[in-house]
Amino acid sequence: MGCEAAEYGCSWLTLFFAFFSVIGINVVAFALALALDTGLHGQKILRTVFFLPNVLSMIIVALIWNMLFVQLLPALTGVEKWISDPNKTPWLLVVVAVWQGAGYYMIVYLAGLQNIPTEIIEAAKIDGATGWQRFRFITIPMMIPALTISLFLTIANALKSFDLMYAMVGPTGYATGTVPLVYDIYFQAYSMKESGMATAKAMVLFLAIVLVTGIQLFLMKRKEVEA
C-alpha cells in the first residue's frame with residue numbers, strides 16, 4: 001500500500017512534522033537559553049542535561065521512547081495504542097524531535113544571548129526600559145542571526161527527516177501513512193522497484209527544501225539588516 005492510499009499521506013506527515021517540530025524546537029531551545037542566561041545555580045550541569053539527548057544515537061532514542069509509548073503510557077493511562085495510532089503518532093514524533101533537538105539549538109541561542117553587549121542592556125535600564133521592552137527592542141533584534149541559522153537547520157532537517165520516524169514506527173507505519181516522504185521515496189525505490197517515481201518525488205522534495213529554506217534565509221537576512 002502506498003502513502004497515497006493511507007489515511008494520512010506521507011506529504012501531510014512531513015509538513016505536519018516540519019511545522020510543529022520547527023516551532024517546538026526553537027521555542028523550547030530559546031526558553032532554555034533565556035533561563036540559563038539568567039545565572040541559574042548549577043547551570044553547567046543543566047546545560048549538560050539539556051544537551052545530552054542530542055548526543056544519543058537515534059536507535060537509543062527510539063528504544064527509550066518506544067518503551068515509554070508501548071509499555072509505560074499504556075500502563076498509566078489504560079490506552080493501549082499510542083505509537084501505532086495514526087492520530088497520535090505525528091504528535092508523538094514531534095515530542096521526540098523536540099526532546100532530542102532542543103538542547104543543540106539551546107547552545108546556539110545561549111551563545112547569541114551572551115554576545116549581546118552588556119553596555120546596551122545597562123543603558124536601557126538607566127533610561128527606564130522595562131524587562132519586556134529590553135527583550136522586545138534589544139534581545140530579539142540582536143538574536144536574529146542565531147534565529148536565522150537555527151530556523152534554517154531545523155526546517156531543512158525536519159523536511160528530510162528519515163531516521164527518527166523510521167526508528168520509531170518502522171516499516172509498518174507505511175500502511176497508515178505515519179512515515180515521512182523521505183521514507184516513501186526509499187520504499188518505492190528499493191522495495192517497490194519504482195525508481196522513476198522515487199526519483200521524481202526526490203526532486204520535488206529537493207526543490208521544496210531549497211525553496212522553503214531560501215525564502216526563510218531571504219526574509220531573516222532582511223530582518224538582520226533592518227535590525
Side-chain angles (χ1 to χ4, degrees), residues 1-3 5-29 31-32 46-108 150-151 153-192 198 201-202 205 209:
M1 176 186 292
C3 276
E7 182 179 359
Y8 299 112
C10 292
S11 298
W12 176 90
L13 178 67
T14 301
L15 294 174
F16 179 96
F17 177 80
F19 180 79
F20 287 103
S21 65
V22 167
I23 292 176
I25 288 174
N26 284 282
V27 168
V28 172
L32 292 176
L46 290 175
R47 287 186 197 180
T48 304
V49 170
F50 294 144
F51 187 77
L52 183 61
N54 190 259
V55 304
L56 297 177
S57 72
M58 195 56 65
I59 298 301
I60 299 299
V61 171
L63 288 174
I64 293 172
W65 286 92
N66 268 320
M67 183 180 298
L68 176 65
F69 295 143
V70 175
Q71 299 180 18
L72 185 59
L73 281 179
L76 292 176
T77 63
V79 179
E80 294 185 2
K81 287 188 176 183
W82 284 87
I83 199 63
S84 59
D85 187 340
N87 293 312
K88 297 184 180 72
T89 299
W91 291 105
L92 300 180
L93 292 171
V94 170
V95 169
V96 177
V98 172
W99 178 80
Q100 189 194 35
Y104 177 84
Y105 297 99
M106 172 197 72
I107 301 299
V108 176
S150 296
L151 284 176
L153 292 175
T154 50
I155 291 172
N157 289 334
L159 288 175
K160 60 186 180 64
S161 177
F162 173 83
D163 48 1
L164 171 62
M165 298 188 191
Y166 181 82
M168 288 294 297
V169 301
T172 56
Y174 192 76
T176 56
T178 51
V179 290
L181 184 58
V182 176
Y183 181 76
D184 185 36
I185 295 170
Y186 162 81
F187 187 86
Q188 283 199 314
Y190 294 100
S191 296
M192 300 177 67
K201 289 184 177 181
L205 179 60
I209 293 174

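The shown structure was predicted, so the numbers you read here are calculated from the model rather than taken from an experiment.
- Between Phe20 and Trp91, the ring planes are tilted. Angles from 30° to 60° get that label.
- Note that OG1 of Thr14 is 7.0 Å distant from CG of Leu205, once rounded to the nearest 0.5 Å.
- Heavy atoms only, all atoms of each residue included: Asn26 and Ser150 are closest at OD1-CB, 3.3 Å.
- Separating the OH atom in Tyr105 from the CD1 atom in Ile25 is a distance of 6.5 Å, to the nearest 0.5 Å.
- Atom CG of Leu181 is separated from atom OG of Ser161 by 11.5 Å, given to the nearest 0.5 angstrom.
- In this structure the side chain of Trp65 reaches within 4.5 angstrom of the side chain of Val95, judged on heavy atoms.
- For Leu164 against Ala97, the heavy-atom pair with the smallest separation is CD2-CB, 3.9 Å.
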* Asked: What do the steps show when you test Leu93 against Phe16 for side chain to side chain contact (heavy atoms under 4.5 Å, CB included), and what is the final call?
  -> CA-CA 10 Å; Leu93 292 171; Phe16 179 96; over 6 Å; no
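- Considering every non-hydrogen atom in both Val61 and Gln100, the closest pair reads CG2-NE2, 3.6 Å.
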* Should Lys88 and Phe69 be marked as a side chain to side chain contact (heavy atoms under 4.5 Å, CB included) after you check the CA-CA gap, both sets of side-chain angles, and the distance that decides it? -> CA-CA 11 Å; Lys88 297 184 180 72; Phe69 295 143; over 6 Å; no
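- A side chain to side chain contact (heavy atoms under 4.5 Å, CB included) with Val22 holds for exactly one of Asn157, Leu159, Thr154, Leu153; it is Thr154.
- Between Phe19 and Ile23, some side-chain heavy-atom pair lies under the 4.5 Å cut-off.
- Listed here is the closest heavy atom pair of Ala29 and Ala102: CB-O, 3.4 Å.
- If you take OG on Ser57 and CG on Asp163, they are separated by 10.0 Å, rounding to the nearest 0.5 Å.
- Rounded to the nearest 0.5 Å, atoms CG (Leu56) and CH2 (Trp99) are 5.5 Å apart.
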